[in-house]
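Right, one structure below, let's go through it.
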Amino acid sequence: MKKAMATMKKSGSSEEKDGDSPSRLIDARIEGLSDWRGETLARVRTLIRQAEPDVIEEWKWRGVPVWEHAGIICTGETYKSVVKLTFAKGASLEDPSGLFNSSLDGNTRRAIDFHEGDEINEQALKALVRAAAALNTSTRAAARPAGARKKPSSA
């Protein structure tokens, strides 16, 4: 488990420098939500990790759990009556199971709002996470010409 957690840290994040890794901050958020929202956030987090084992967990924008693989896959926000997973490039993803039920008018993002008592379609959510990671990887590869390298920074 420790090895898996270590791979999810992104070196250089401000939280890591202050002593709390993003994964620990997400753990604390889940524990602090001692109701259905904590259970739901913990469950979707587990599904995200299962779907994309190389996922990197981040803590951004003053307290938003973020899952990344070659870019943001999704964020996990909690509100009084909803746990919201927002997919950064959701509008570009196929959603044959109809999981997206929020932020449907935007040009880029799409979200899934989970309410108390909602069943999670685990297979469909995992497929969506895999598709988002694949899209990030393909977009990053397409943006870089073959054989191109980063320019060295000057001293």
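Once rounded to the nearest 0.5 Å, the distance linking CZ of F114 with CH2 of W36 reads 10.0 Å. Here the CZ-CD1 distance, from F87 to I112, works out to 4.5 Å after rounding to the nearest 0.5 Å. Atom-to-atom distance recorded for H69:NE2 and L135:CG is 11.5 Å, nearest 0.5 angstrom. For the atom pair OG1 (T46) and CG (L125), the distance works out to 11.0 Å, reported to the nearest 0.5 Å. In this structure, NE2 in H115 is found 8.0 Å from NZ in K84, a value given to the nearest 0.5 Å. Expressed to the nearest 0.5 Å, how far CD of E57 lies from CD1 of I26 amounts to 4.0 Å.
In terms of heavy-atom proximity, I30 sits nearest to G38 at CG2-O, 3.6 Å. For A111 against T86, the heavy-atom pair with the smallest separation is CB-OG1, 3.7 Å. Between F100 and L93, the shortest heavy-atom distance links the atoms CZ-CD1, 4.4 Å. Nearest approach of R29 to L41, heavy atoms of both residues: CG-CD2, 3.9 Å. Nearest approach of I48 to C74, heavy atoms of both residues: CD1-SG, 3.7 Å. The minimum heavy-atom distance between P65 and W59, with the atom names listed, is CG-CZ3, 3.9 Å.
We find that R37 and E116 are not joined by a salt bridge, their nearest charged nitrogen and carboxylate oxygen being 4.0 Å or further apart. For R24 and E31, the salt-bridge test fails: no basic side-chain N is under 4.0 Å from an acidic carboxylate O.
Side chain of D113 to main chain of V82: no donor-acceptor pair is present (N/O by atom type, distance under 3.5 Å, no hydrogens or angles). The main-chain N or O of V55 is never found under 3.5 Å from a side-chain atom of R49 such that the two would form a donor-acceptor pair. Panel note: side chain R109, backbone L104; no donor-acceptor pair is recorded below 3.5 Å.
If you check the side chains of T108 and K89, you find no donor sitting under 3.5 Å from an acceptor.
Listed by chain and number, the hydrophobic cluster partners of I72 are W61, V64, V66, where partners are ILVMFWY side chains within reach of under 4.5 Å, directly or through others.
Sparse packing is recorded around CG of D105, with 12 or fewer heavy atoms of other residues, nucleotides or ligands lying under 6.0 Å away.
Under the 4.5 Å side-chain criterion, counting only non-hydrogen atoms from C-beta, R110 is not in contact with S103. No side-chain heavy atom of T75 sits under 4.5 Å from any side-chain heavy atom of L85. Here the side chains of Q50 and L47 are in contact, with some heavy-atom distance below 4.5 Å.
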Derivation of the side-chain contact (heavy atoms from CB on, under 4.5 Å) call for I120 and R43:
CA-CA 9 Å; I120 298 173; R43 185 68 196 134; 4.0 Å; yes

R45 and D27: CA distance, side-chain angles, deciding distance, salt bridge (Lys or Arg N to Asp or Glu O under 4.0 Å) verdict:
CA-CA 10 Å; R45 179 192 199 191; D27 289 341; 2.5 Å; yes

